[in-house]
Amino acid sequence: MLEIEIDGKKLTVPTGSTVMDAAHSNGTYIPHFCYHKKLSIAANCRMCLVEVEKAPKPLPACATPVTDGMKVHTHSDTAVKAQQGVMEFLLINHPLDCPICDQGGECQLQDLAVGYGGVSSRYQEEKRAVPAKEMGPLVSAAEMSRCIHCTRCVRFTEEIGGYQEIGMAHRGEHSQILPFLNKTVDSEISGNVIDLCPVGALTSKPFRYSARPWELSRRKTVSPHDGLGANMIVQVKHNRVMRALPLENEAINECWLADRDRFSYEALSSDARLTRPMVKQGGQWIETEWQAALEYIVKGLRGVTRDHGADAIGFLATPHSTVEELYLAKKLAGALGVESTDYRTRHADFSRDAAQQGALWLGSSIVELAAANALLVVGSVLRKEQPLLAARLRQSVKKGMALSVISPIQENLLSHVHARLTVSPVAMLDSLKAVLKAVLARKADASSTLDVVSITPCAQAEAIADSLVNNDNAVIALGNLAQHSPHFGDLLTLANELARLTGGRVAVLGEAANSVGAELTFKPSGKGANAGQMFSVPKKAYVLLNTELDCDSHNPHRALKAVEQAEMVVAMSAFRSDAALQYADVMLPIAPFTETSGAFVNMEGLLQAFNGVVKPLGDARPAWKVLRVLGNMLGAPGFEFESAEQVRAEWLAGLGGELKSKLNNGLSSLTLATPSSASGLVRVGEVPMYQADALCRRAPSLQATADARAPRASAHSSVLAAAGVQSGQEVSLKQEGAAIRIAIDADDSLPLGVVRLAAAHPATVALGGMFNSIELAQG
Amino acid sequence: MLSPDALKQIDREVAKYPADQARSAVMGALRIAQTELGWLSTETIEFVANYLGIPPVAAYEVATFYNMYDLKPVGKYKITVCTNLPCALGGGVDCADYLKHKLGIGFGETTPDGKFTLVEGECMGACGDAPVLLVNNHSMCSFMSHEAIDKKLAELK
Amino acid sequence: MAVFTQGVIFEGVDTSDPNCWTLDAYVKRGGYEALKRILQQGISQDDVIAEVKGSSLRGRGGAGFPTGLKWSFMPRNFPGDKYLVCNTDEGEPGTFKDRDILRFNPHSLIEGMIIAGYAMGVKRAYNYIHGEIFEDYVLFERALDEARAAGFLGENILGTSFTFDLFAHHGYGAYICGEETALLESLEGKKGQPRFKPPFPASFGLYGKPTTINNTESFASVPFIIRDGGQKFLEAGKPNNGGTKLFSVSGHVNRPGNYEIPLGTPFSVLLEMAGGMKNGKKLKAVIPGGSSAPVLPGDIMMDCTMDYDSISKAGSMLGSGAVIVMNEDICMVKALERLAYFYHEESCGQCTPCREGTGWLYRVIHRIEHGQGRPDDLDLLTSVGNNMAGRTICALADAAVFPVRSFTKHFRHEFEYHIEHKKCLVEHKWC
Ligand SMILES: Cc1cc2nc3c(=O)[nH]c(=O)nc-3n(C[C@H](O)[C@H](O)[C@H](O)COP(=O)(O)O)c2cc1C
Ligand code: SF4
Ligand code: FES
């Protein structure tokens, strides 16, 4: 610890602190631009100059290490003169166009200029004009004359994003911030540079010119996308969400947002919103009143129960639905005697449901996960599934975490990978067995009931085993590809066995904002069918909560066929879709997360509640209210809720008052199924980042990014050769009798025996299972 | 994009640095590429970046920071004259004026036949030899009196 | 061009001989004897450093930091890699001495670096050579090949367990890369933007490892110091200013060139050696240490001796030893305008005061020179300069301000005349 005196106040700070750190810790503000607590120190703006006693010249607080007994003055004549001098330099070439600048009102330069700037400029030469830059659909770099060269954006892409996409080219006064000439900024977390830019040089393209910051009201909410549950501020004008910004929460999203958290709000006011209840009559959709639509549904569901029994009804919801929505949907199903409810429409393997000892979750807090010394990620495209978690783990790797990956897709994680096995979906099992065997070999006194006799671990498996055994605090994490795989149960089993042997933990990376909440609430009860069975043995009626069967199904071909034969399909959704117009009989416009109160349980089991920030659009209603009314209309008891809070309270009481004890990745027995060794090609069908949920799918700016490009198939060049196909050629891909034509590229990073073809996209929804066998043929 | 010989030269540069520091070779690699192709196009810079496994924008930063890299096509002979103070005192400005007159172009311009580009240079660390000029970045010419300039221009076919 | 020598680096070098640079010629001059002695007699690292300290050698790159002391900062028992780097970036206007070391006596540098590597326990070194002297870079690589073939570089040098290798790296046109941390960035394949210090290169240098950086001339002086003793080197100069030093004399003299003379030699003697003033013109001003050093009027200069202390007492710096001589025909506004333009062009651009200030200074001087000066422009120059100097990461901003301060101080009347009459006080002729 070191002693330092700042403006006469004494304090002690840890060795290694800078003057800026010290000032922060006692609440002293030192003006700055280039300094940012999450980025490396550049010390280039020189705004933070302070007077240090005994130093011959003013020193930058951000970069000056505290020495014992140091005395600092942040407001002395010397300090203020130095700061004013810098401010004058910053302003001489700045356009001073605050009245038309998007940053106006929230600009650090503007704020500080008021305090430090001179009255009139002593600089009378022509100002520098910097040409606009193109950075892609999300970040506007149209006003680069405003740039003050703090290089925060450059450092962000390099240090947090993991890959330098923005640079400062040229030198001296000619320096310019730019992306490489023919490139856009494609990082999945690129929007953060907008927040980082202290002036109005980098701004939000979708938000540009749409509002002035002081016209906006700020409301807290939670991101509705991945399982991280990033905290956000949404800004509202005239009952419309204009912008989403991060709300700092070090334990969850730090100070960042992923691009989809930030930009998906565009979908909220898109034309694709469903704003009126609709009923299909004689093949025609007609808009109707709520009462009529709900009566129609009650009558329909009663009819199916009467004619076919409650077993003939299935309820499906997405894990993006709130706790309240899921709880009331479950309760409504129960009132009808329906046991078939599920949220796992993208899953294929439900074999270990009975053995599961609790709800699947992260197994620890996010902070604890990031502190693991060794992490094995199984079946994931991590950056696309969990953009911010991937960024956080990148920092962990820099601090020494051994990160290993077993996955069918060789993702560029933009950080050091300790060991990696890129194998077909089914071979992930053998890979884990190999790791298990290698672990057993390192633990003389350990044994396993799982059969790994015939396995010979390869060097990578040995390396993974080393990292798991040699580090206490190891984690085996299962990503979306693992969870969606037909071998999920076995993967979970093997992960548990590895965790047991290495003293580590199993983590299930929650796919959606409320995966853990759904796991706690919406799995089938009793003898009810799971999501897979609801399609393989079709039901007579389906109630869909937020689910869009074309994009949210493991096997859309089968799912769409199943609903086609149903007598009644109720779609509760914030959006209309072509597919739903086909398969549904009633569509109820329900409120998206910004228009309803609710709560999500994030991947670490944290319940985060939020309120609606705007009124529902058109006739849309919060789903919990709709479900409550349906319950009332069915005459079911226990639907007398006044508020979402009451619903949540009853839900929580049902869980025993707290949910942590219900979270458990353990299995009551460890056994492995014998996977049928598939012959022929298998599909690897990941869900693209911006197809993951209904909001992303309808946010125009996200849809304009490189990540949203229409999928193309890819396969190892020897797979193409065997099929007599050239890279880049259009081919026919067939699953379960359905075929699509699509271009295919050679990608030798893929394992043999697979065709990679993204799921959840209109171009591919005609096909079958995400990880099922697939046929590849010319033309 | 680059000849096998150029790639071999780049590999030689890479070998000078520790195995995980190929980035250090970017200045040499850009120089080699420019020497072969005459100037550095966006494609060339991207090629070099990919060859060394560094982000293209990082290579672009380098290519634009150092002023001997040419990001636009230049004449067959790029003549850089030093006019910094010590050289000016030794005839550098006069030498530049003479070249402008002889070639009929100003600084930053290329003769219509595409043969000569004239560039104003900063100190080349050869002030004792003033006036000095640099032909195509790598060939230093000292004591460039008017006669010496005439002779040099005649040599540059 | 010949080098005139009364000193240690060019002793016995016949610059008119096209082969004077070769290993053969160097060995004939007594080259590599110092290295052989160290390795064969097993002289300790400490003793080598002590000898360099005893020589009172001060860094020849401009800052004049004692070389032996710098070497002793290098962590001795550091477990990982350490590096040694030579600074042959030589971009300071007026300086052209290191180039002559490379092309006429490269092995003196190579031997000096090997000895330094031995003393500091370094295995890998780089020489950063500015791009404009590419031919000399190529020649230096040939000299390296010779040294490697002769077993002076590589593994198990001269049959001992000592391993050391040296590579050449070239710049490509950026003055700022002469600043040692910018040089390191450049060597890492980045833009040459100086790093904030601390940490200093001795703890966080090339690739983040402990690194020592010296100027070419500093290293090239080392073989003599080891061979003939630090004391002998010291005695060649004067106390606190040990040894002989290369002075690059440019401008209005009859024989511009490099003069290797004892520190402490009177400026008048040096001027004489350089053939005196060209065309018998009157001496007006001298910049005694490269363009970043404050200019001194000719009469003050004539009273100085060429060493760190004397020049510093006169209000300037010995810097890199670049002596820029100006005669009575020079308009000091014009001369300053050219220098201001240089610093404006060469600012790396990261620090606000330097990026914006160098351009501002240049534009004000430019407008004075072009007859658009304003009465308060000299105050403005002072004020802008004060807001730059000492407020930046590296000393380039200071280097840009020194000439402005000294020109407007010693030749203020010329600036005032310019502002008032919109033309030069003297009829300006560059040469
Ligand atoms: C703007 C600037 C330019 C410099 N240029 C050079 C140079 O060209 N050559 C050099 O040796 N040192 C140069 N230096 C000094 C170096 O930073 C460093 O002090 C020197 O290389 C150390 O070597 P020495 O101790 O042997 O002098 C420069 C410094 C600054 C601030
Ligand atoms: S003072 Fe100038 S040259 Fe030095 S680091 Fe700062 S901007 Fe770059
Ligand atoms: S915040 Fe310290 S120099 Fe920019």
Side-chain angles (χ1 to χ4, degrees), chain B residues 12-13 15-18 20-31 34-35 52 54 58-59 61-69 80 82-95 97 120-132 134 136-140 142-143, chain C residues 1 81 88-100 124 126 130-136 138 167-175 177 186-193 207 248-252 256-258 287 291 322 324-327 330 335 338-339 341-342 345-346 348 430-431:
Chain B
R12 214 185 131 252
E13 292 298 315
K16 290 179 180 175
Y17 308 97
D20 55 347
Q21 300 291 351
R23 179 173 186 165
S24 281
V26 67
M27 295 186 68
L30 288 171
R31 184 253 306 161
Q34 171 166 302
T35 306
L52 297 175
I54 64 174
E61 284 186 329
V62 169
T64 55
F65 187 87
Y66 299 92
N67 51 22
M68 288 166 71
Y69 295 114
T80 312
C82 177
T83 60
N84 204 314
L85 181 64
C87 265
L89 301 172
V93 172
D94 179 61
C95 164
D97 287 342
E120 179 168 40
E122 291 302 342
C123 184
M124 300 174 183
C127 332
D129 294 3
V132 289
L134 205 51
N136 284 346
N137 295 327
H138 295 168
S139 163
M140 174 91 76
S142 303
F143 304 112
Chain C
M1 186 195 50
D81 294 329
T88 314
D89 193 53
E90 199 163 56
E92 174 85 359
T95 318
F96 47 88
K97 61 193 177 69
D98 298 337
R99 175 189 183 211
D100 279 358
R124 193 184 263 267
Y126 294 93
H130 68 100
E132 290 85 351
I133 52 169
F134 194 75
E135 291 149 307
D136 306 314
V138 172
F167 303 91
H169 179 104
H170 66 75
Y172 227 53
Y175 163 66
C177 291
S186 184
L187 196 44
E188 290 181 4
K190 304 175 189 158
K191 289 178 292 181
Q193 293 195 324
Y207 309 127
S248 304
V249 184
S250 65
H252 296 142
N258 280 316
I287 304 178
S291 65
I324 306 169
V325 179
M326 288 176 267
N327 70 20
I330 290 301
R338 186 60 186 84
L339 288 181
Y341 178 76
F342 169 73
E345 278 296 298
E346 298 297 336
C348 87
W430 276 124
C431 63

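Each chain gets a letter, A, B and so on, in the order its sequence line appears, and its residues count up from 1.
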> Side-chain contact, heavy-atom cut-off 4.5 Å: C:Gln193 with B:Phe65?
Replying inline: yes

> Of all of C:Cys348, C:Ser250, C:Pro93, C:Ser248, which one pairs up most often with chain B through heavy atoms under 4.5 Å apart?
Replying inline: C:Pro93

>> Is C:Val138 in contact with chain B via its backbone, its side chain, both, or neither, using a 4.5 Å heavy-atom distance?
In response: neither

> By a 4.5 Å heavy-atom criterion (distance strictly below it), what part of B:Thr80 contacts chain C: side chain, backbone, both, or neither?
Replying inline: neither

> Given that the side chain runs from C-beta out, which part of B:Leu85 has a heavy atom under 4.5 Å from chain C: side chain, backbone, both or neither?
Replying inline: both

> Do C:Ile133 and B:Met140 pass the side-chain contact (heavy atoms from CB on, under 4.5 Å) test, and can you show the C-alpha distance, the side-chain angles, and the key distance before you say yes or no?
Replying inline: CA-CA 7 Å; C:Ile133 52 169; B:Met140 174 91 76; 3.7 Å; yes

>> Test your reading of the model: is there a side-chain donor-acceptor pair from C:Arg99 to the backbone of B:Ala126, 3.5 Å cut-off?
In response: no

> Can a donor-acceptor pair be found between the side chains of B:Tyr66 and C:Ser186 at a distance below 3.5 Å?
Replying inline: yes

>> Nearest 0.5 angstrom please: B:Ser24 OG to C:His169 NE2, how far?
In response: 6.5 Å

>> Would you compute the distance between atom OH of C:Tyr172 and atom CD of B:Gln34 and round it to the nearest 0.5 angstrom?
In response: 5.5 Å

> C:His130 versus chain B, heavy atoms under 4.5 Å apart: side chain, backbone, both or neither?
Replying inline: side chain

> Between SG of B:Cys127 and CD of C:Glu90, what distance do you get to the nearest 0.5 Å?
Replying inline: 8.0 Å

> Under a 4.5 Å heavy-atom cutoff, which of C:Ala174, C:Ala168, C:Gly94 has the most pairs with chain B?
Replying inline: C:Gly94

> Are B:Asn84 and C:Leu339 close enough that some pair of their side-chain heavy atoms sits under 4.5 Å apart?
Replying inline: yes

> If you count heavy-atom pairs under 4.5 Å between each of B:Gly91, B:Gly28, B:Ala25, B:Ser139 and chain C, which one has the most?
Replying inline: B:Ser139

>> Need one label for C:Ser291: side chain, backbone, both or neither, based on atoms under 4.5 Å from any heavy atom in chain B.
In response: neither

>> Within the 4.5 Å heavy-atom criterion, are C:Trp430 and B:Asp94 side-chain neighbours or not?
In response: no

> Does any non-hydrogen side-chain atom of B:Arg23 lie less than 4.5 Å from one of C:Glu188?
Replying inline: no

> Using non-hydrogen atoms only, which part of C:Tyr126 is less than 4.5 Å away from chain B: side chain, backbone, both, or neither?
Replying inline: side chain

> So what's closer than 4.5 Å to chain C heavy atoms on B:Ala88: side chain, backbone, both or neither?
Replying inline: both

> Is it the side chain or the backbone of B:Thr64 that comes within 4.5 Å of chain C heavy atoms, both, or neither?
Replying inline: neither

> Tell me, side chain or backbone of C:Cys177 under 4.5 Å from chain B's heavy atoms, or both, or neither?
Replying inline: side chain

> Just how far is it from atom CZ of C:Phe134 to atom NE2 of B:His138, taken to the nearest 0.5 Å?
Replying inline: 4.5 Å

> In Å, rounded to the nearest 0.5 Å, how long is the span from SG of B:Cys123 to OH of C:Tyr175?
Replying inline: 9.5 Å

> Could you go step by step and tell me if C:Glu345 and B:Glu122 meet the side-chain contact (heavy atoms from CB on, under 4.5 Å) rule?
Replying inline: CA-CA 9 Å; C:Glu345 278 296 298; B:Glu122 291 302 342; 4.2 Å; yes

> Tell me, do B:Pro86 and C:Ile324 make a side-chain contact under 4.5 Å, heavy atoms counted?
Replying inline: yes

> Is the closest side-chain heavy-atom distance between C:His170 and B:Met68 below 4.5 Å?
Replying inline: no

>> Under 4.5 Å from any heavy atom of chain B, what part of C:Glu346 do you find: side chain, backbone, both or neither?
In response: side chain

>> Would you say that C:Tyr207 contacts B:Tyr17 through its side chain, given a criterion of any heavy-atom pair below 4.5 Å between the two side chains?
In response: yes

>> Would you say that B:Leu89 contacts C:Met326 through its side chain, given a criterion of any heavy-atom pair below 4.5 Å between the two side chains?
In response: yes

> Any idea which of B:Asp20, B:Val26, B:Val62, B:Val132 has the most non-hydrogen atom pairs under 4.5 angstrom with chain C?
Replying inline: B:Val62

>> Counting only non-hydrogen atoms closer than 4.5 Å, does C:Glu135 touch chain B with its backbone (N, CA, C, O), its side chain (CB onward), both, or neither?
In response: both

> In Å, rounded to the nearest 0.5 Å, how long is the span from CD of C:Glu132 to CG of B:Asn67?
Replying inline: 7.0 Å

